[in-house]
Amino acid sequence: MNAVSQLLPFVGMLAVFYFLVIRPQMNERQEHEKLVNSLTRGDKVITASGVHGVIANVAEDTVLLEVSEKTRIVVDKTSIARRVVPPAEGGDSSK
């Protein structure tokens with residue numbers, strides 16, 4: 001009985017650690033994998049280093065990113081941080 005009562009706080013700390021740290025990281029990783037797998041030509045994206053561009057071509061592990069007119073760079077797919085979503089058309093943004 002004494003050993004169980006000593007392990008109970010440790011088990012509680014592990015549960016808190018799982019729900020506050022490990023589980024959110026797993027969800028974030030899954031969302032990033034979905035993003036990487038859904039990249040297509042013409043998507044406006046931002047890389048992890050802050051480079052903005054439009055995807056010109058998608059390869060197996062890399063994308064060709066057009067950062068300005070006639071300027072293209074090759075980046076790893078995993079370095080794409082997010083897709084830029086244009087604001088909704090026709091909506092009044094002054095409210």
Side-chain angles (χ1 to χ4, degrees):
M1 183 75 177
N2 193 16
V4 173
S5 64
Q6 289 178 350
L7 287 177
L8 194 58
F10 182 69
V11 171
M13 287 190 302
L14 284 177
V16 169
F17 184 76
Y18 174 78
F19 284 106
L20 292 179
V21 178
I22 296 173
R23 191 164 181 232
Q25 284 180 345
M26 289 184 345
N27 290 341
E28 186 176 323
R29 185 178 311 148
Q30 287 176 348
E31 289 297 319
H32 188 255
E33 285 178 14
K34 286 180 188 176
L35 168 71
V36 167
N37 292 331
S38 70
L39 293 174
T40 59
R41 186 172 190 243
D43 286 347
K44 294 181 180 181
V45 295
I46 301 174
T47 66
S49 60
V51 176
H52 293 240
V54 177
I55 295 178
N57 191 20
V58 179
E60 187 175 333
D61 295 328
T62 60
V63 294
L64 184 62
L65 195 62
E66 186 170 338
V67 293
S68 68
E69 189 174 329
K70 297 183 181 181
T71 304
R72 295 179 174 186
I73 58 175
V74 177
V75 297
D76 286 340
K77 276 185 173 181
T78 57
S79 71
I80 302 296
R82 65 179 192 247
R83 181 180 287 128
V84 177
V85 180
E89 293 182 24
D92 185 11
S93 62
S94 63
K95 291 183 181 180

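Atom CD1 of Ile73 sits about 11.5 Å away from atom OG1 of Thr62, to the nearest 0.5 Å. Note that CD of Gln25 and CG of Leu20 are 11.5 Å apart. Values are rounded to the nearest 0.5 Å. Note that CG of Asn37 is 10.0 Å distant from NE2 of His32, once rounded to the nearest 0.5 Å. With rounding to the nearest 0.5 angstrom, the CD atom of Glu33 is 10.0 Å from the CD atom of Glu31. With rounding to the nearest 0.5 angstrom, the CG atom of Leu64 is 9.5 Å from the CD1 atom of Ile55.
Across Lys77 and Val58, no two heavy atoms sit closer than the pair CE-CG1, 3.5 Å. The two residues Val75 and Ser79 come nearest to each other via the heavy atoms CB-OG, 3.7 Å. Ala81 and Leu35 make their closest contact through O-CD2, 3.6 Å (heavy atoms, listed as atom of the first residue, atom of the second, distance). Between Glu66 and Glu69, the shortest heavy-atom distance links the atoms OE2-CA, 4.1 Å. Here the shortest heavy-atom pairing between Leu39 and Ile80 reads CD1-CG1, 3.9 Å. Heavy atoms only, all atoms of each residue included: Arg72 and Ala56 are closest at CZ-CB, 3.8 Å.
Without hydrogens or angle criteria, Arg83 side chain to Ser38 main chain gives a donor-acceptor distance under 3.5 Å.
Using modelled atom types and a 3.5 Å distance limit, the side chains of Asp43 and Thr40 yield a donor-acceptor pair.
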Report the C-alpha separation of Ile46 and Val51 in whole Å, then their side-chain angles, then the decisive distance to 0.1 Å, and conclude whether the side-chain contact (heavy atoms from CB on, under 4.5 Å) test is met. CA-CA 6 Å; Ile46 301 174; Val51 176; over 6 Å; no
